[in-house]
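Predicted model only: the values in this text are computed from it and were never measured.
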Amino acid sequence: MSVVGLAAARRTASVRLSGAWLGTSATNAAILLFGLATGVLSARLLAPEGRGALAAVLFWPHLITALGGLSLPAAMVFRRGRPDADRVALAATGAWLALGLSFIGALVGYLAVPFLLRDSAAGTLAQAYLLAFLPFNFLALALLALDQGDMRFGRYNLTRLLPSGVYLVGLLVLWALD
């Protein structure tokens, strides 16, 4: 490759990475704003005791995901960055590992939640949410890692933004329905 061709390739890569960085920063800002909006709306709609019950239901599944994921998405991104990586095998292995880890996390969480929320009426709801949330979340994080590893940041950021946007729209609909 000539010096001119190499310089043009570097400029193209720099523009592409700058766009990815700006898109990711904008996505992070939008997620933050959606989080602020949903926090205010849920506080207004649920009052303090309802907001506390919602926090109790949501906290444990998210904590189990953070601890029980064993950095699987980061490992998938790293492995995908290697030149000899087989995307299909990595996707299949990552999906099965994610589902296995979610099963272990769901079992531990299902057994632990009654003790962790023993004074709360939301214990049964927390268990049901945990069982529904963990497999989808673990699998989504593994699939997101594939997009990140492939440097498909447009789809990656849109997928990251989707849950926050859906939650905000759902709260707005509930607010409108009173």
Side-chain angles (χ1 to χ4, degrees), residues 24 27-28 30-32 34-43 45-82 85-150 152-153 155-171 174:
T24 300
T27 300
N28 289 342
I31 290 171
L32 176 66
F34 287 174
L36 289 171
T38 56
V40 169
L41 280 172
S42 62
L45 293 171
L46 297 174
E49 54 279 345
R51 181 70 178 117
L54 178 63
V57 168
L58 296 179
F59 177 74
W60 295 109
H62 290 274
L63 180 67
I64 290 169
T65 298
L67 297 176
L70 302 176
S71 298
L72 176 64
M76 291 177 67
V77 170
F78 177 79
R79 181 67 183 126
R80 183 65 187 124
R82 310 260 327 246
D86 179 2
R87 187 177 197 286
V88 173
L90 181 63
T93 303
W96 283 112
L97 283 171
L99 290 174
L101 290 171
S102 73
F103 176 76
I104 294 167
L107 179 63
V108 169
Y110 188 82
L111 296 173
V113 161
F115 297 107
L116 298 169
L117 299 178
R118 62 182 159 263
D119 293 333
S120 173
T124 304
L125 179 61
Q127 285 178 307
Y129 176 73
L130 180 123
L131 292 177
F133 174 80
L134 284 182
F136 290 113
N137 194 35
F138 272 75
L139 191 57
L141 291 174
L143 295 175
L144 273 171
L146 290 175
D147 281 344
Q148 187 179 13
D150 287 341
R152 284 186 271 185
F153 293 112
R155 189 165 88 173
Y156 171 77
N157 286 324
L158 180 63
T159 307
R160 286 180 53 231
L161 188 59
L162 197 58
S164 300
V166 168
Y167 185 44
L168 176 60
V169 169
L171 283 177
L174 290 174

Asker: Is it true that atom OH of Tyr167 has more than 12 heavy atoms of other residues, nucleotides or ligands lying nearer than 6.0 Å?
Answerer: yes
Asker: Kindly compute the distance separating OG1 (Thr159) from CZ (Arg152), expressed to the nearest 0.5 Å.
Answerer: 10.0 Å
Asker: Applying side chain to side chain donor-acceptor pair (under 3.5 Å), name anything that partners Thr124, two or more places apart in sequence or on another chain.
Answerer: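 Applying side chain to side chain donor-acceptor pair (under 3.5 Å) to Thr124 gives none.
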Asker: Nearest heavy-atom pair of Gly123 and Leu117: which atoms, and what distance?
Answerer: CA-CD1, 4.3 Å
Asker: Start with the C-alpha distance between Leu54 and Arg51, add both sets of side-chain angles, then the distance that settles side chain to side chain contact (heavy atoms under 4.5 Å, CB included), and finish with yes or no.
Answerer: CA-CA 5 Å; Leu54 178 63; Arg51 181 70 178 117; 3.5 Å; yes
Asker: With rounding to the nearest 0.5 Å, note down the distance linking CH2 in Trp96 to CG in Leu139.
Answerer: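 CG of Leu139 is found 10.0 Å from CH2 of Trp96.
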Asker: Report the residues that fulfil side chain to side chain donor-acceptor pair (under 3.5 Å) with Asp86, sequence neighbours left out, ordered by chain and then residue number.
Answerer: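 Testing Asp86 for side chain to side chain donor-acceptor pair (under 3.5 Å), a comparison that skips the adjacent residues, returns none.
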Asker: Just how far is it from atom CG of Leu58 to atom CG of Leu125, taken to the nearest 0.5 Å?
Answerer: 9.0 Å
Asker: What residue pairs, at least two apart or across chains, pass side-chain hydrogen bond (donor to acceptor under 3.5 Å, both in side chains) with a residue in residues 59-74?
Answerer: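 Non-adjacent pairs meeting side-chain hydrogen bond (donor to acceptor under 3.5 Å, both in side chains): Thr65-Asn137.
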Asker: With sequence neighbours excluded, tell me which residues meet side chain to side chain donor-acceptor pair (under 3.5 Å) with Arg160.
Answerer: Asn28, Asn157
Asker: Answer yes or no: is there a side-chain heavy-atom contact under 4.5 Å between Val77 and Arg80?
Answerer: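 They are not in side-chain contact.
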Asker: Kindly give the heavy-atom pair with the smallest separation between Thr38 and Leu168, and that separation in Å.
Answerer: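 The pair with the smallest heavy-atom distance is CG2-CA, 3.6 Å.
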Asker: What salt bridge (charged side-chain N to carboxylate O under 4.0 Å, His left out) pairs are there with at least one residue in residues 52-65, not counting sequence neighbours?
Answerer: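 Counting only pairs at least two positions apart or across chains, no salt bridge (charged side-chain N to carboxylate O under 4.0 Å, His left out) contact touches residues 52-65.
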Asker: What pairs with Leu97 under side-chain contact (heavy atoms from CB on, under 4.5 Å), at least two apart in sequence or on another chain?
Answerer: Leu72, Thr93
Asker: Could you give the distance from CG (Leu171) to CZ (Phe34), rounded to the nearest 0.5 Å?
Answerer: 12.0 Å
Asker: Would you say that Leu41 contacts Leu174 through its side chain, given a criterion of any heavy-atom pair below 4.5 Å between the two side chains?
Answerer: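 No, their side chains stay 4.5 Å or more apart.
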Asker: Report the C-alpha distance between Leu144 and Tyr156 in whole Å, list the side-chain angles of each, state the deciding distance to 0.1 Å, and finish with yes or no for side chain to side chain contact (heavy atoms under 4.5 Å, CB included).
Answerer: CA-CA 6 Å; Leu144 273 171; Tyr156 171 77; 3.6 Å; yes
Asker: Quick one: does Leu46's side chain get under 4.5 Å of Ser42's, heavy atoms only?
Answerer: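 In contact.
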Asker: Is any side-chain heavy atom of Phe153 closer than 4.5 Å to one of Thr27?
Answerer: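 When only atoms from C-beta onward are counted, Phe153 and Thr27 do not touch, as no gap falls below 4.5 Å.
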Asker: Under 3.5 Å, is there a donor-acceptor pair between the side chain of Arg118 and the main chain of Phe115?
Answerer: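 Yes; judged by distance alone, with no hydrogens or angles, the pair exists.
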Asker: To the nearest 0.5 Å, what is the distance between CD1 on Ile64 and CG on Leu134?
Answerer: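 With rounding to 0.5 Å, CD1 (Ile64) is 6.0 Å from CG (Leu134).
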Asker: Are the side chains of Leu36 and Val40 in touch, meaning some heavy atoms are under 4.5 Å apart?
Answerer: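 They are not in side-chain contact.
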Asker: Ala145 and Pro73: which non-hydrogen atoms are nearest, and at how many Å?
Answerer: CB-O, 3.4 Å
Asker: So, for Leu146 and Arg87, which heavy atoms are closest and what is the spacing to 0.1 Å?
Answerer: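 Closest approach of Leu146 to Arg87, heavy atoms only: CB-NH2, 3.9 Å.
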Asker: Can you measure from CG (Leu107) to CG (Leu111) and round to the nearest 0.5 angstrom?
Answerer: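 Leu107 atom CG to Leu111 atom CG measures 5.0 Å (nearest 0.5 Å).
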Asker: Which heavy atom in Gly94 sits nearest to a heavy atom in Ala142, and how many Å separate them?
Answerer: O-CB, 4.0 Å
Asker: Looking only at heavy atoms, what is the nearest atom pair of Ala106 and Leu131, with distance?
Answerer: CB-CD2, 3.9 Å
